[in-house]
Amino acid sequence: MKIKFKLFVSLAILLTLALLAFTGCKPEERNYNLDGIGSVVISDAMEDVLSSCVVVEVVPGNFTYYYSMGVAISEDKIIVPRQTIPLNKLNLPEINYYKGRVYNTKGRFDFVYKTEDNNFARNNDYGFNVLTLKDKNSVKLKPVKFAKNNDTTDIVKLGQMIFGVEVIVPDSRVYNNSSSLDIPTAEYFKTIPVLVSSKSMMTGVDIMSNHPNGIPAEMMAASFTTQGYFNKSDYDTYVTGLDFKHGFEAIDKNDNYVLTNNMLFNTAGEFVGINYLRRVDGTDSNEHIVAGIGYAVRSSNIKAVLQSKQII
């Protein structure tokens, strides 16, 4: 009985295969576009992005005043938001006021501000400064990949999903605490999703007549509007009232804006800009509130300035 059953099954399989061959069954090929699955792409790009990011501490002596975010542009240089540099200390540019932490690397590394790398600031200010490793042998930085212009001759598209990396201090006790050196650098990074809301700086007001003082015209022209929950700059959070003014001190007197400190990347892991400002509402009625609206200067403009000065 078992032998007859096996023979019947075998004949059934052969008959099925014969019918498929007779009807001309052919394999079907299908192509799937995975470009829209942003979470997968972002996950793949995240390690490369964080490897180029640097947590910067402003340290005049042994006291950490505030933290900032930097991104490597060469194996020994990084760029930081303009407010990272205290203006009243630039008369001593070669003194070491800055220490950096690099992703997946132990220890802190000394950075210095060099005048020759920042002589573009007065005539062509795009809201950033350059810091250089004091000892090139201390660590080898991984330069970031700058985004290339797309078909629309711009590095960003309206509605494009990008993501930001900003500094988050793990605990208030890390300030000037030797045990903070044992905290992995990854704990200082916060990543957030961001949308390109407009390809230009849209404030809802006439920017020529009613705009926060302290933003250079070149920087405004090179900026695009973003949407995301950006943290307030660590400088403005912890250094208010100290004699450590930065380049955007006028914004501190404006209730509608606060400084941010956020490096922006696309889903390919390419650098697209620095988010330097966030819209807030200082009125009691919240009549001007625009949650999450920020402004970022394009990395393509930053790159052009760096290339013109032979920095990269």
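- For the atom pair CZ (Arg108) and OG1 (Thr185), the distance works out to 11.0 Å, reported to the nearest 0.5 Å.
- Between Asn118 and Asn129, the closest heavy-atom pair is OD1-ND2, 3.2 Å.
- Rounded to the nearest 0.5 angstrom, Asp110 CG and Asp135 CG are separated by 8.5 Å.
- Residues forming a ring-ring contact (aromatic ring centres under 6.0 Å, His included) with Phe230 (at least two apart in sequence, or on another chain): none.
- Considering Lys157, Gln160, Arg298 in turn, Arg298 is the only one that fulfils the side chain to side chain contact (heavy atoms under 4.5 Å, CB included) rule with Lys199.
- Checking side-chain atoms of Thr84 against main-chain N and O of Val80 turns up no donor-acceptor pair under 3.5 Å.
- In this structure, Asn266 CG and Lys148 NZ are separated by 10.0 Å, a value rounded to the nearest 0.5 Å.
- What you find for Ala147 and Ile155 is that their closest heavy atoms are O-CG2, 3.7 Å.
- Phe271 has its side chain out of reach of Leu264: every pair of non-hydrogen atoms, C-beta onward, lies at least 4.5 Å apart.
- Each salt bridge (charged side-chain N to carboxylate O under 4.0 Å, His left out) pair with one or both residues in residues 74-85, not counting sequence neighbours, appears once here: Glu75-Lys140, Asp76-Lys136, Lys77-Asp117, Arg82-Asp125.
- Of the inter-residue distances, the one linking Leu277 atom CG with Ser223 atom OG reads 8.5 Å to the nearest 0.5 angstrom.
- Under the 4.5 Å side-chain criterion, counting only non-hydrogen atoms from C-beta, Phe265 is in contact with Val165.
- Applying the salt bridge (charged side-chain N to carboxylate O under 4.0 Å, His left out) test to residues at least two apart or on different chains, the pairs with a partner in residues 184-196 are Glu166-Lys190.
- Scanning both residues, Asn261 and Ser68, for their nearest heavy atoms gives ND2-CA, 3.0 Å.
- When each of Ile85, Thr132, Val130 is tested with Tyr113 by the rule side chain to side chain contact (heavy atoms under 4.5 Å, CB included), just one qualifies, namely Ile85.
- Under 3.5 Å, the side chains of Thr225 and Ser197 contain no donor-acceptor pair of N or O atoms.
- Closest approach of Leu133 to Ser138, counting heavy atoms only: CD2-OG, 3.9 Å.
- Annotation: the span from Ile73 atom CD1 to Ser299 atom OG amounts to 12.0 Å, rounded to 0.5 Å.
- For the pair Ile168 and Tyr67, the minimum side-chain heavy-atom distance is 4.5 Å or more.
- Between the OH atom in Tyr98 and the CD1 atom in Ile78 there is a gap of 10.5 Å [rounded to 0.5 Å].
- In this structure, Tyr295 has its ring center no closer than 6.0 Å to that of Phe224.
- No side-chain heavy atom of Val144 sits less than 4.5 Å from a side-chain heavy atom of Asp48.
- For the residue pair Thr226 / Asn275, a side-chain donor-acceptor distance below 3.5 Å is found, with atom types taken as modelled.
- Side-chain contact, Tyr276 with Ser233: no donor N or O sits under 3.5 Å from an acceptor N or O.
- When all heavy atoms of Phe163 and Thr267 are compared, the pair lying nearest together is CE2-CA, 4.5 Å.
- Side-chain contact check for Thr260 versus Lys232: every heavy-atom pair is 4.5 Å or farther apart.
- When each of Met69, Met263, Glu57, Arg101 is paired with Val167, the side chain to side chain contact (heavy atoms under 4.5 Å, CB included) condition holds for Met69 and for no other.
- Nearest heavy-atom pair across Tyr126 and Ala222 is CE2-CB, 3.5 Å.
- For the pair Leu131/Val112, no side-chain contact is recorded, criterion being any heavy-atom separation below 4.5 Å from C-beta on.
- Seen from the ring of Tyr257, Arg279 counts as a face-on cation partner, given the 6.0 Å and 45° thresholds.
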